[in-house]
Chemist: 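Let me give you the structure first, and then I'll get to my questions.
Small disclaimer: the values here were computed from a predicted structure and weren't measured.
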Amino acid sequence: MEAIPSDTQTMATPDSGFNFLTPDAWKALLSHYSHVVLVANSEAVDFTRLRSELPETALYVFFNNVYKVLDEPFAGHAVLFARSGVMGANIVHRREAADVLRFFAGDDFLGVVNIRVSPEENFSEEGRFEGAETRHLDLTKMLVDLYPVGKIATSGFAVALWLAELQLPGKILLAGFSAKRSEKWKVFDVHDWTFEQIFLRLFARMGTISMMGGVDTSPYAAIARRFPQVPPIEIAITAAEVLSERLHNANSQIDRLMSVTKSIRAIEGFFRRFKPKTRKQRFLEKSKE
């Protein structure tokens, strides 16, 4: 574990169960790495390419249920960001901490960072993470006036934005941030995937971060190269016009499907009333009493 200056190490009170670092302490901890690689829980992650192109001084940032991308313990510098929910860190209240942390061991593992990005999310105490070194990170203020109202930021987006603001000397690389649903893993509608992709790709074009499998494979860059005489704004307007027409056509088909499946959804809604309440639902009901 890298040493952190004692005067910047923590903002938490002794025995509070939480370990908050100052921005200077985070920067001191993460500045030792040539690259900080954010690994999405996505089938789009190409570990073979990552490990072959990046030096051993790269730090790999994993999120939550890492068994979505790892088949065996990870050999290399790593840190796990564990997202909180209303009942605390998700891997804790779902009793998955041991299953997740078995993928990491040794001095190259920096430990767990328990994060929250929304006011209704709550931290879990240090002792709930199977003995792993644990730090806490509150990103609610950073996102409150930025993220679209009614949606909640993904862990990857929030951490990418936070790292960019730290202005680390190393490079920030996003791997597998495709925002695409696969047959194996779903994407959740509570997040604004379109907003996040626009934001991250603009960051990438500014050179603040890099994206593997994102901006570097954009077909619109090829259009700009083919028509150098056309201003970028005209290409953007034309692309928006085509996408708008395709979205309108897709919505027409969605409306038709909603009409055809009306009876099926009514039957499903009836039987859902008999489904046992989840631990989260029981927790929320009890907290209101």
Chemist: Using a cut-off of 6.0 Å, state whether more than 12 heavy atoms not belonging to Arg246 lie near its atom CZ.
Modeler: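 No, the 6.0 Å shell around CZ holds no more than 12 heavy atoms from other groups.
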Chemist: Once you round to the nearest 0.5 Å, how far does CG of Leu163 lie from CG of Leu38?
Modeler: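 Rounded to the nearest 0.5 Å, the CG-CG separation comes out at 5.5 Å.
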Chemist: Quick check: closest heavy atoms across Ile235 and Ala224, and the distance to 0.1 Å?
Modeler: CD1-CA, 3.7 Å
Chemist: Does the ring center of His77 lie less than 6.0 Å from the ring center of Tyr60?
Modeler: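 Ring centroids of His77 and Tyr60 are no less than 6.0 Å from each other.
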Chemist: Applying side chain to side chain contact (heavy atoms under 4.5 Å, CB included), run through Glu96 and Asn65 and close with a yes or a no.
Modeler: CA-CA 8 Å; Glu96 297 174 330; Asn65 299 329; 3.0 Å; yes
Chemist: Search all heavy atoms of Ser124 against all heavy atoms of Asn114 and return the closest pair with its distance.
Modeler: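 The pair with the smallest heavy-atom distance is N-OD1, 2.9 Å.
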Chemist: Identify the two heavy atoms, one from Ala89 and one from Ser84, that lie closest to each other, and give their separation to 0.1 Å.
Modeler: N-OG, 3.6 Å
Chemist: So which heavy atom on Glu130 is nearest to which on Leu101, and how close?
Modeler: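 In this case the closest contact between Glu130 and Leu101 is CB-CD1, 3.8 Å.
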Chemist: Could you measure the distance from the CZ atom of Arg95 to the CG atom of Asn90? Nearest 0.5 Å is fine.
Modeler: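 Between atom CZ of Arg95 and atom CG of Asn90 there are 13.5 Å.
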Chemist: Run the side chain to side chain contact (heavy atoms under 4.5 Å, CB included) check on Leu200 and Leu174 step by step: do they pass?
Modeler: CA-CA 9 Å; Leu200 293 175; Leu174 275 54; 3.7 Å; yes
Chemist: Side-chain heavy atoms nearer than 4.5 Å, only ILVMFWY residues, links allowed to pass through others: does that put Val230 and Leu243 together?
Modeler: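 Yes: a chain of side-chain contacts under 4.5 Å links Val230 to Leu243.
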Chemist: Closest approach of Ala175 and Leu50, non-hydrogen atoms and distance?
Modeler: CB-CD1, 3.9 Å
Chemist: Quick one: do Ile198 and Ile233 end up in the same hydrophobic cluster if we chain Ile, Leu, Val, Met, Phe, Trp and Tyr together by side-chain heavy atoms under 4.5 Å apart?
Modeler: no
Chemist: What I'd like to find out is whether the side chain of Glu165 reaches to under 4.5 Å of the side chain of Gln167, using heavy atoms alone.
Modeler: no
Chemist: Report the distance from atom CG of Asn249 to atom CD of Gln253, rounding to the nearest 0.5 Å.
Modeler: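 Separation between the atoms: 8.0 Å.
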Chemist: With heavy-atom distances below 4.5 Å as the criterion, would you say the side chains of Arg256 and Ser252 are in contact?
Modeler: no
Chemist: Below 6.0 angstrom between ring centroids: does that apply to Phe103 and Phe109?
Modeler: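 No.
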Chemist: Walk me through whether Phe81 and Val112 qualify under side chain to side chain contact (heavy atoms under 4.5 Å, CB included).
Modeler: CA-CA 6 Å; Phe81 276 72; Val112 177; over 6 Å; no
Chemist: Is Arg102 positioned over the aromatic face of Tyr67, cation under 6.0 angstrom from the ring centre and no more than 45 degrees off axis?
Modeler: no
Chemist: Kindly write out the residues that satisfy ring-ring contact (aromatic ring centres under 6.0 Å, His included) with Phe270, not counting sequence neighbours, or none if the list is empty.
Modeler: Phe274
Chemist: Output yes when a side-chain donor or acceptor of Thr238 lies under 3.5 Å from a complementary backbone atom of Glu234, and no otherwise.
Modeler: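 Present.
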Chemist: Between Leu110 and Tyr33, is any pair of side-chain heavy atoms under 4.5 Å apart?
Modeler: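 Side-chain contact under 4.5 Å: yes.
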Chemist: May I ask you to decide if the ring planes of Phe203 and Phe199 are parallel, tilted or perpendicular, using 30° and 60° as cut-offs?
Modeler: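 Phe203 and Phe199: perpendicular rings.
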Chemist: With rounding to the nearest 0.5 Å, note down the distance linking CZ in Phe177 to CD in Gln197.
Modeler: 9.0 Å
Chemist: Sequence neighbours left out, cut at 3.5 Å: what donor-acceptor pairs do the side chains of residues 138-156 make with other protein atoms?
Modeler:
{"unit_1": "Asp138", "atom_1": "OD1", "unit_2": "Arg116", "atom_2": "NE", "d": "3.3"}
{"unit_1": "Asp138", "atom_1": "OD1", "unit_2": "Thr140", "atom_2": "N", "d": "3.1"}
{"unit_1": "Asp138", "atom_1": "OD1", "unit_2": "Thr140", "atom_2": "OG1", "d": "2.7"}
{"unit_1": "Asp138", "atom_1": "OD2", "unit_2": "Arg116", "atom_2": "NE", "d": "3.0"}
{"unit_1": "Asp138", "atom_1": "OD2", "unit_2": "Arg116", "atom_2": "NH2", "d": "3.0"}
{"unit_1": "Tyr147", "atom_1": "OH", "unit_2": "Asp192", "atom_2": "N", "d": "3.0"}
{"unit_1": "Tyr147", "atom_1": "OH", "unit_2": "Glu196", "atom_2": "OE2", "d": "2.6"}
{"unit_1": "Lys151", "atom_1": "NZ", "unit_2": "Asp189", "atom_2": "O", "d": "2.6"}
{"unit_1": "Thr154", "atom_1": "OG1", "unit_2": "Phe157", "atom_2": "N", "d": "3.2"}
{"unit_1": "Thr154", "atom_1": "OG1", "unit_2": "Glu196", "atom_2": "OE1", "d": "2.8"}
{"unit_1": "Thr154", "atom_1": "OG1", "unit_2": "Glu196", "atom_2": "OE2", "d": "3.3"}
{"unit_1": "Ser155", "atom_1": "OG", "unit_2": "Arg83", "atom_2": "NH1", "d": "3.1"}

Chemist: Go through it in stages, so that I can follow the logic: the residues are Leu80 and Phe129, the test is side chain to side chain contact (heavy atoms under 4.5 Å, CB included), and I'd like the CA-CA distance, side-chain angles, deciding distance and then a yes or no.
Modeler: CA-CA 11 Å; Leu80 174 69; Phe129 293 92; over 6 Å; no
Chemist: Report the relative orientation of the aromatic rings in His191 and Trp193; use parallel for angles under 30°, tilted for 30 to 60°, perpendicular for over 60°.
Modeler: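 Because their plane-to-plane angle is over 60°, the rings of His191 and Trp193 count as perpendicular.
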Chemist: Is the ring pair Phe104/Phe62 parallel, tilted or perpendicular, if the boundaries are 30 and 60 degrees?
Modeler: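 The arrangement is tilted - the two ring planes meet at 30° to 60°.
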Chemist: So, does Ser244 use its side chain to make a donor-acceptor pair with the main chain of Ala240 at under 3.5 Å?
Modeler: no
Chemist: How far does CD of Glu121 sit from OG of Ser118, to the nearest 0.5 angstrom?
Modeler: 5.0 Å
Chemist: Looking at CG of Leu29 and CG of Asp24, how far apart are the two atoms once the value is rounded to the nearest 0.5 Å?
Modeler: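 It is 12.5 Å, given to the nearest 0.5 Å.
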Chemist: Using every non-hydrogen atom in the two residues, find where His136 and Trp26 come nearest and quote the distance to one decimal.
Modeler: O-CZ2, 4.1 Å
Chemist: If hydrophobic clusters are built by linking Ile, Leu, Val, Met, Phe, Trp and Tyr wherever their side-chain heavy atoms come under 4.5 Å apart, do Ile264 and Leu257 end up in the same one?
Modeler: no
